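What follows is a set of notes on a single structure, which appears directly below.
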Amino acid sequence: MLIIKLAIKNLLGAGLRTWLNVIALSFSYVAIIFMQGLYAGMNNQMEASTIKVQYGGGQYWHELYDPYDPLSLDDSHAKIPNEISGLIKNNDAASILINQGSIYPNGRMQNILIKGIDPNQKILAIPTHFLNNQNGFIPALIGGRMAKSSGLKKGDFVTIRWRDAKGTFDADEVKVVEVINTEVSEIDNGQIWIPLDKMREMTVMPGEATLIVLKQNSQFTKNLSGWEFKNLDFLLADLRSLATTKSAGASIFYFVLLFLAMLAIFDTQILSIFRRRKEMGTLMALGMTRSTLIKLFTLEGSMHAVLAAFAAMLYGGPLVWYLAKVGYGLPASTDSFGFALGDRIYPEFTALLIIGTILLVLTVTSIVSYLPTRRITKLKPTDALRGKFI
Amino acid sequence: MSNSFLIRTEKLYKKYPMGPTVLVALDNINITINKGEFVGLVGPSGSGKTTLLNIIGSLDSPTEGSAEVLGNKIETLSHQDAAKLRNNHIGFIFQTFNLLPVYTVYENVEFPLLLQDIPPAKRIELVMQALEWVGLADRKDSKPSQLSGGQSQRVAIARAVVKKPELILADEPTANLDAKNSHNIMETMVKLNEELDTTFIFATHDEKVMKYLKRKITLNDGYVQRDENISLNNQ
Ligand SMILES: Nc1ncnc2c1ncn2[C@@H]1O[C@H](COP(=O)(O)OP(=O)(O)OP(=O)(O)O)[C@@H](O)[C@H]1O
Ligand SMILES: [Mg+2]
């Protein structure tokens, strides 16, 4: 195609200005791909670990259970239905009993959730086997965040108070047998884990549970009366919407970058259309139509995006490859993101992300390149040849 | 005998509004130019030479009257058809050369052929032929910025003739050249006129050009003051 050849030639002939634009634009590519890849990696990593330690293959909730309403916990427990008890025995599901309570570390009262779980369960990747250590005390597992907020350490004893099924208050001591380090704050903040049997005994709720976690990829789909099945899409919805919000926030950064790059392209286009009036007049005299001229100048502008894609590949490619391989070390304070994170993120750069970004930048650049060229439709060849303004 | 002429203007006017009045740049021009003529439009600055040349070249259109060029009525020609007419049949030579700066000499000359979709082998042949006519085959890889004014104008001539158009329009082609180069350029064009029977129309007030002309149309304030054939033995 003639105009493609011409556009490349003109662009390369323009020298430094072209390369400055190309480099600016290539930053947009790399920034968008890097940030989006980072978020994709972060989200997937987060989902994966949340599934591992919290959601398993979906959960049956007692019909009154509402994770956002601790008061609901008094009523949201029931005997495990027969249909699913076999699954639990075979270690294909795990039941969890949840109740409100308080602990008194250093004489301070702290409201918590007490969660009872089978120490031998294999469904969630929580090291519950530590809870098998029951020599004359109630063993408790807490997470790192909980340890920090309560000041408790491994080996500490702490007074715990709860209400049983009849509403009677009772108290005892638990021993922190292990502090677990987890990415998932929802199995950590404001809660302690104790053996399920012990919990049932303490609360006088024999054989009862608040929720039942299925093994990952479980095919169990029975309706259990009094219980509601929550699949992963439901359970992960909050996490995903949080992720979307976070990545939308980050995209402001690269939209600004893209906007600046577009400003430079727009400026270049305007300038070249003004500066090259005589050239346009000459091209028209040689028999080029206005529409071809518009195509040529638009193409010259959009070609910046093509060159920028190559430039981005040149330095962004190795960077992206390295990060996907080695991971991106996060600063220590990333818990402020509010969700689970490992200390290394492995960004995920999919073909869809890369091609999508190239198409996005190419489209935006083409539009920005086209806008100033519309002036050419008003250009008279005689005026252009005299170098007159359009 | 409708096809015997190449160009014919009838009651051609070009008027520009100038505030409350109207500037008549071309005033009732009636001329006929036949194939193979070597015509000069002469006259003082502002007399309408460029305006007439531009209308003949379909770069501009008349305000009134008609201009028929190679069977096309300029006043009714669409932009596309005008572009096609210029592309296929008319070569332009400008006072300021107007070479495309990012292209080499070769590519500048090749350009009109690219617009015409001429196959590569044929292109090479035509470009080299045109460069040899103007004596610049050895500079084909130079950029316009590396050429002298005379050389640049010869490249522009090669670009105008490479597609072997019926008509070449040259607006002050020697105005930016010294005497030696001017004569050189004019001789090149006379040669092309004689060898290829290409019709040339010049706009000029350069005395050096006059002696090469075979017909001189003198414009004054937009009207034709004189139209004379110059016999060869006058030179
Ligand atoms: N676009 C325009 N708008 C208004 N007036 C114009 C325009 N183009 C030309 N004119 C006027 O038309 C008249 C003829 O101009 P033209 O350029 O044809 O003269 P010329 O004979 O080529 O002069 P020169 O020898 O200086 O090149 C001049 O008075 C000029 O000012
Ligand atoms: Mg003029």
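Computed from a predicted structure; not experimentally measured. Residue numbers start from 1 in every chain, and the chains themselves are labelled A, B, ... in the order their sequence lines are given, proteins ahead of strands. Quick note: numbers below take in every heavy atom, side chains included, and nothing from hydrogens, waters or symmetry partners.
With rounding to the nearest 0.5 Å, the separation of CZ in A/F297 from CD1 in A/I294 is 10.5 Å. Note: B/N193 CG to B/T188 OG1 = 12.5 Å, rounded to the nearest 0.5 Å. If you take CD1 on B/I217 and CD1 on B/I31, they are separated by 4.0 Å, rounding to the nearest 0.5 Å.
Counting heavy atoms from C-beta on, the side chains of A/I4 and A/M303 come closer than 4.5 Å. At least one side-chain heavy atom of B/I74 sits under 4.5 Å from a side-chain heavy atom of B/L77. Within the 4.5 Å cutoff, side-chain heavy atoms of B/K122 are placed close to those of B/E125. Between B/F200 and B/L192 there is a side-chain heavy-atom pair separated by less than 4.5 Å.
When each of A/A285, A/P381, A/G13 is scored by its heavy-atom pairs under 4.5 Å with chain B, the top score falls to A/A285.
Residue B/K11 places its NZ atom among 12 or fewer non-hydrogen atoms of other residues, nucleotides or ligands, all under 6.0 Å distant.
With a threshold of 4.5 angstrom between heavy atoms, A/I3 does not approach chain B through any atom at all. Residue A/L2 touches chain B through its side chain alone, counting heavy-atom pairs closer than 4.5 Å. With a threshold of 4.5 angstrom between heavy atoms, B/L100 approaches chain A through side-chain atoms but not through N, CA, C or O.
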Show me, pair by pair, the donor and acceptor atoms from chain B and chain A that are under 3.5 Å apart.
from	atom 1	to	atom 2	distance (Å)
B/H79	NE2	A/R290	NH1	3.1
B/R86	NE	A/M284	O	2.8
B/R86	NH2	A/M284	O	3.2
B/T96	OG1	A/K278	NZ	3.0
B/N98	ND2	A/T282	OG1	3.1
B/Y103	OH	A/N10	OD1	3.3
B/E107	OE1	A/K9	NZ	3.4
B/E107	OE2	A/K9	NZ	2.4

